[in-house]
Amino acid sequence: MKVTDRVDSRGNAGLWAGVAVFFMIAAMPLWAHAGNAKQGEKIAKTRSLGNCVACHYLPKVESPGDIGPNLVEAMQEYTMAERKDVVQWIRDAREFNPHTIMPPFGTNKILTPQQIDDVVAYLYTLKKK
Amino acid sequence: MYKKISILLKTLVLPAAVMLVTGTLGVGTWAQAATQSGNKIEKLTPSMSYAEYQKRYEKYYGDFTAQMAEEGNPAEFLLDDGKDLANKVVGSKGKSCASCHGKDALQLKGAATTFPKYNAELKGIMTFPLQINTCREKQMGAKPLKYESYDQLALTMYIKSLSNGMPIKVSIDGPARPFYEKGQVAYYKRQGQLNFSCAICHVQYAGYKARSNLISNNKHHADHWPCYRLKWGKTGSLQRRFRGCLKNMRAKKPPFQSEELRNMELYLTYLNNGDLIQVPGMRM
């Protein structure tokens, strides 16, 4: 069987997949900046990482804390244009409230900028539009 | 945006208004309070009334407390051993606690109510476990007991239990005052990678849940130690609990009976003046 036959028999799926992967890799820096929501969810719910659920309600978590606002409700108030505010809340909430209990995840290097971006990407998936 | 404003209102305007009304604060920014000697501490106020806090506490621990009373406190096994230790002769001087404090050290009934207290020789704060070790070394010529060891906990617990039901009455007058203030500053100091302080949790957010733990108000924090803790599966001291919270804060843990922990113990115990001693305690 010739190579071209094989491509034909799959209706060019393999070729298109290859093209897609190529563009994904090419667009990597941009895509990474937008944050990986799946990673973000893991970070937000893992005790040794973000542990946001110690204080905030997030869906599908057993007994989340109630010290901070419910993040599903909170996220309904943020537009895409306000993304940098959400980032800042996590980077260092003292900018908004100098006496906050929320840990300064960025300033104190609890999370990397990439991890914070991932968490924010996850938070935006909670928006019901 | 709206959310942010409402938070600002809650966190800035409300406490400021409360402060204006009560007039408890002199100069300084709205969020700082000064101790007598002028040390600044963060001004934090409880997010709910004590009555509301108690309601939540009872709802959260209700069953557990009843169950506990039924099953008994494993720490009570240490009491008999503590009594034996109080009568046991050790050290180069051929003495026991009982040699100075009567059979079963019964003359020490009430002693625990005034600890921690200022000690001139120490030029600092004497806690109960430290007092026991000081007696052993100076009066008995015996080796100090390792902190958190079985014998140290048993002896502390037994002698403190002689004051059960008596109100705490710790003094912060005279030379004790600066140590009390240092303890207060430590209690309010933001520390560790998470930037918490003891007070932000046990004053401001008492009654809320950190994950599934209901954060307790510091009102009854000092009256039940040594205490059996289910999570430890063991009996421990108040300072062990301090170090546990410090670890959770990802902060430095000063050693047992270090100056910082003794000052904090004085501050916290003074806050609990009037509470009845109840040793050993039991917690989750």
Side-chain angles (χ1 to χ4, degrees), chain A residues 44-58 61-112 123 126-127, chain B residues 1-16 19 29-33 40-48 52-53 56 59-60 188-215 245 247-251:
Chain A
K45 295 178 178 178
T46 304
R47 198 181 138 90
S48 58
L49 296 170
N51 199 20
C52 313
V53 290
C55 298
H56 294 282
Y57 171 86
L58 284 174
V61 185
E62 209 185 311
S63 49
D66 61 5
I67 292 171
N70 176 322
L71 286 180
V72 177
E73 284 168 17
M75 284 314 292
Q76 309 313 314
E77 312 284 338
Y78 287 95
T79 63
M80 246 1 243
E82 291 168 326
R83 192 181 193 279
K84 64 171 192 334
D85 285 347
V86 181
V87 171
Q88 184 59 39
W89 267 109
I90 303 166
R91 230 187 58 71
D92 197 330
R94 288 174 293 189
E95 171 152 322
F96 302 117
N97 169 15
H99 300 280
T100 187
I101 188 177
M102 186 158 148
F105 289 95
T107 305
N108 282 10
K109 298 192 163 49
I110 303 162
L111 297 176
T112 64
L123 291 182
L126 304 173
K127 254 178 94 66
Chain B
M1 272 303 134
Y2 152 77
K3 261 269 146 143
K4 218 152 69 193
I5 290 164
S6 81
I7 285 165
L8 277 180
L9 274 176
K10 218 167 62 192
T11 54
L12 292 174
V13 181
L14 265 185
M19 276 153 48
T29 56
W30 68 270
Q32 293 206 314
K40 290 277 197 320
I41 57 158
E42 197 177 344
K43 172 81 183 170
L44 298 169
T45 38
S47 307
M48 66 180 76
E52 169 65 19
Y53 161 74
R56 292 197 192 195
K59 193 169 156 230
Y60 189 78
Y188 277 81
K189 183 176 76 185
R190 297 290 191 134
Q191 54 184 320
Q193 197 186 25
L194 301 178
N195 196 43
F196 294 149
S197 66
C198 315
I200 191 124
C201 281
H202 292 293
V203 175
Q204 183 162 331
Y205 283 104
Y208 287 92
K209 276 185 279 186
R211 198 71 199 254
S212 57
N213 298 301
L214 190 95
I215 302 173
C245 279
K247 181 167 175 257
N248 293 340
M249 295 154 75
R250 303 186 192 169

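Because only heavy atoms are used, hydrogens play no part in the values below, and waters and symmetry mates are left out as well, while side chains stay in. Lettering follows sequence order; numbering is per chain, from 1.
- By the 4.5 Å heavy-atom criterion applied to side chains, Ile110(A) and Arg250(B) are counted as neighbours.
- Evaluation of the salt bridge (charged side-chain N to carboxylate O under 4.0 Å, His left out) rule for Arg211(B) yields no partner, not counting sequence neighbours.
- Contacts between Thr107(A) and chain B at a heavy-atom distance below 4.5 Å are absent for every atom of the residue.
- Taking each heavy atom of Gly192(B) and Asn108(A) in turn, the nearest pair found is O-ND2, 3.9 Å.
- In this structure, the portion of Arg94(A) lying under 4.5 Å from any heavy atom of chain B is its side chain and not its backbone.
- With a threshold of 4.5 angstrom between heavy atoms, Glu42(B) approaches chain A through side-chain atoms but not through N, CA, C or O.
- We find the CD1-CD1 distance between Ile67(A) and Ile200(B) to be 9.5 Å, quoted to the nearest 0.5 Å.
- Atom NZ of Lys127(A) has more than 12 neighbouring heavy atoms from other residues, nucleotides or ligands inside a 6.0 Å radius.
- For Ile215(B), the part lying under 4.5 angstrom from a heavy atom of chain A is the side chain only.
- Taking Glu52(B) as the reference, Lys55(B), Arg56(B) meet the salt bridge (charged side-chain N to carboxylate O under 4.0 Å, His left out) condition, with sequence neighbours excluded.
- Residue Asp66(A) comes nearest to Tyr208(B) through the heavy atom pair O-CD2, 3.2 Å, listed as atom of the first residue, atom of the second, then distance.
- Atom NZ of Lys45(A) has more than 12 neighbouring heavy atoms from other residues, nucleotides or ligands inside a 6.0 Å radius.
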